There are 2 protein chains.
Amino acid sequence: MATTSARLQAGSRPGGRSARVRAAVHRAVQELLTDEGAEPLTIPVVAARAGVHATTVYRRWGSVGDLLADVTTSRFSGDIVVPDTGSLRGDLERYACDLAKDLSDPDTLALVRATIGTGGEQGAAACRGERQQQLEAMLDRERARGNEPPSLERTTDAVLAPLYYRAVFTDQPLTPEWARTLISTLLPA
Amino acid sequence: MATTSARLQAGSRPGGRSARVRAAVHRAVQELLTDEGAEPLTIPVVAARAGVHATTVYRRWGSVGDLLADVTTSRFSGDIVVPDTGSLRGDLERYACDLAKDLSDPDTLALVRATIGTGGEQGAAACRGERQQQLEAMLDRERARGNEPPSLERTTDAVLAPLYYRAVFTDQPLTPEWARTLISTLLPA
DNA sequence: TTTTTAGTGCAGTGATCGCTGCGTTTGTGC
DNA sequence: GCACAAACGCAGCGATCACTGCACTAAAAA
């Protein structure tokens with residue numbers, strides 16, 4: 001796996017056909033991960049599914065790990081808007097429910113697992129996404145209200161970690177009720 | 001990936017050479033996962049590293065997913081003994097520190113990530129290991145003392161989830177001090 | 001010990017993989 | 001609209017993969 005990601009750089013050409021190819025490849029990866037076990041998720045398979053030549057995928061992404069990290073990053077960018085309900089409790093409850101719903105999607109779950117497996121540290125970063133900044137934004141807003149919220153570390157441990165752990169490692173459902181109990185534990189009445 | 005795992009069944013022959021082959025293959029998987037990126041972790045590569053013919057690996061495990069699940073299960077079986085310090089707080093702190101040390105090992109982390117990625121639900125179960133039962137044992141003992149401990153679900157969310165999340169998804173260190181704070185949060189003074 | 005048979009080694013097959021020149025298409029700046 | 005270069009399609013190369021009969025070794029039972 002190359003260290004260079006597939007970000008757009010100077011002299012690139014992100015519009016038109018390139019964008020179509022990129023979208024088709026991303027969709028193919030998701031489809032192949034969903035009907036799991038059918039195909040071994042290799043570059044020629046992805047390319048065939050996307051109706052694109054394998055050469056293109058090799059040149060743009062280089063390896064399956066980079067491709068997965070790119071798909072995950074794109075999947076998790078802007079998927080959740082930081083809520084603004086007026087209270088930290090409301091914000092976190094809303095956020096936790098949104099994230100629970102997101103991680104409940106079998107497609108997303110399969111994507112996360114595959115990215116963790118083949119993407120290494122870069123893949124892990126893609127799976128984290130912008131969660132940390134989003135949490136920080138809600139905590140900052142609470143501080144702006146003059147209150148003293150729990151630390152980012154504590155919030156991560158109490159909210160993010162259980163959501164990700166339950167989704168990735170167990171087969172228990174991520175219900176909104178359960179997600180809300182995480183907030184109740186973090187912010188006692 | 002076949003649904004049949006590599007458990008020992010009636011008419012099996014687990015001793016002598018078979019055991020040696022199994023150990024060599026397990027060691028080869030760990031080594032290949034550790035010098036990550038070098039080899040693509042495929043069955044012929046594992047077999048060559050183990051000094052075993054690929055045919056054997058194909059027949060005993062069938063797929064890389066099954067092989068990884070088997071290695072992880074074996075790695076996590078009996079790695080932590082449930083502590084008995086006399087108090088739930090002491091038990092959990094000891095347990096959390098042990099688990100933190102376990103997950104801090106780069107070999108173990110790479111194994112967990114790879115198993116999650118290729119092992120599907122079966123791989124996830126292997127990564128969970130016997131954590132749930134171990135937690136339950138400590139909670140049961142506390143109940144036998146006449147106290148009312150937190151629920152298994154709450155303990156999982158507060159202890160197991162942060163440890164696994166931090167190890168797998170972030171690059172922050174799993175220090176014993178941090179692990180102990182998890183217990184302090186779960187069991188307020 | 002002898003017998004049995006699960007487990008392993010060996011050689012070979014078709015299919016696929018990762019990759020590379022080379023020519024063509026097509027966004028993008030002039 | 002024109003020229004340029006980035007991105008793509010194409011054909012094909014060596015290497016590897018997943019898998020399969022057949023023969024052999026050695027662990028376990030008689």
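Here the structure is a predicted model, which means the values were calculated and not measured. Note that these values count all heavy atoms, side chains included, but never hydrogens, waters or copies made by symmetry.
For the helix from dT1(C)-dA30(D) to dC30(C)-dG1(D), the angle separating the two terminal helix axes comes to 50°, with each axis derived from five pairs and the value rounded to 10°.
Residue Thr56(A) places at least one side-chain N or O under 4.0 Å from the OP1 or OP2 atom of dG9(D). Distances shown here put every side-chain N or O of Arg60(B) at or beyond 4.0 Å from the OP1 or OP2 atom of dA6(C). Phosphate proximity of dC10(D) to His53(A): present, with a side-chain N or O under 4.0 Å from OP1 or OP2.
Defined by atom type and a distance below 3.5 Å, a donor-acceptor pair is missing between the side-chain atoms of Arg128(B) and Thr170(A). Side chains of Gln132(A) and Thr156(A): a donor-acceptor N/O pair is present below 3.5 angstrom, by distance only.
Straight-line distance from the CG atom of Leu41(A) to the P atom of dT16(C): 16 Å, rounded to whole Å.
Rounding to the nearest 0.5 Å gives a distance of 8.5 Å between CD of Gln133(A) and CD of Glu136(A). In this structure, CG on Leu186(A) lies 7.5 Å from CG on Leu88(A), to the nearest 0.5 angstrom.
Listed by chain and number, the residues in a ring pair (Phe, Tyr, Trp, His ring centres under 6.0 Å) with Tyr165(B) are Tyr164(A), Phe169(B) (sequence neighbours excluded).
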Under 3.5 Å between N/O atoms: give me all the protein pairs with nucleotides 17-21 of chain C, atom names plus distance.
| from | atom 1 | to | atom 2 | distance (Å) |
| --- | --- | --- | --- | --- |
| dG18(C) | OP2 | Thr42(A) | OG1 | 2.8 |
| dG18(C) | OP2 | Tyr58(A) | OH | 2.7 |
| dG18(C) | O5' | Tyr58(A) | OH | 3.2 |
| dT20(C) | O4 | Thr55(A) | OG1 | 3.4 |
| dG21(C) | O6 | Arg59(A) | NH2 | 3.4 |

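With respect to Arg143(A) and Asp140(A), a salt bridge is recorded, a charged nitrogen being found less than 4.0 Å from a carboxylate O. One finds a salt bridge joining Arg131(B) and Asp79(B) here, because a Lys/Arg side-chain nitrogen approaches an Asp/Glu carboxylate oxygen to under 4.0 Å. With respect to the salt-bridge test (charged N to carboxylate O, under 4.0 angstrom), the residues Glu121(A) and Arg113(B) qualify.
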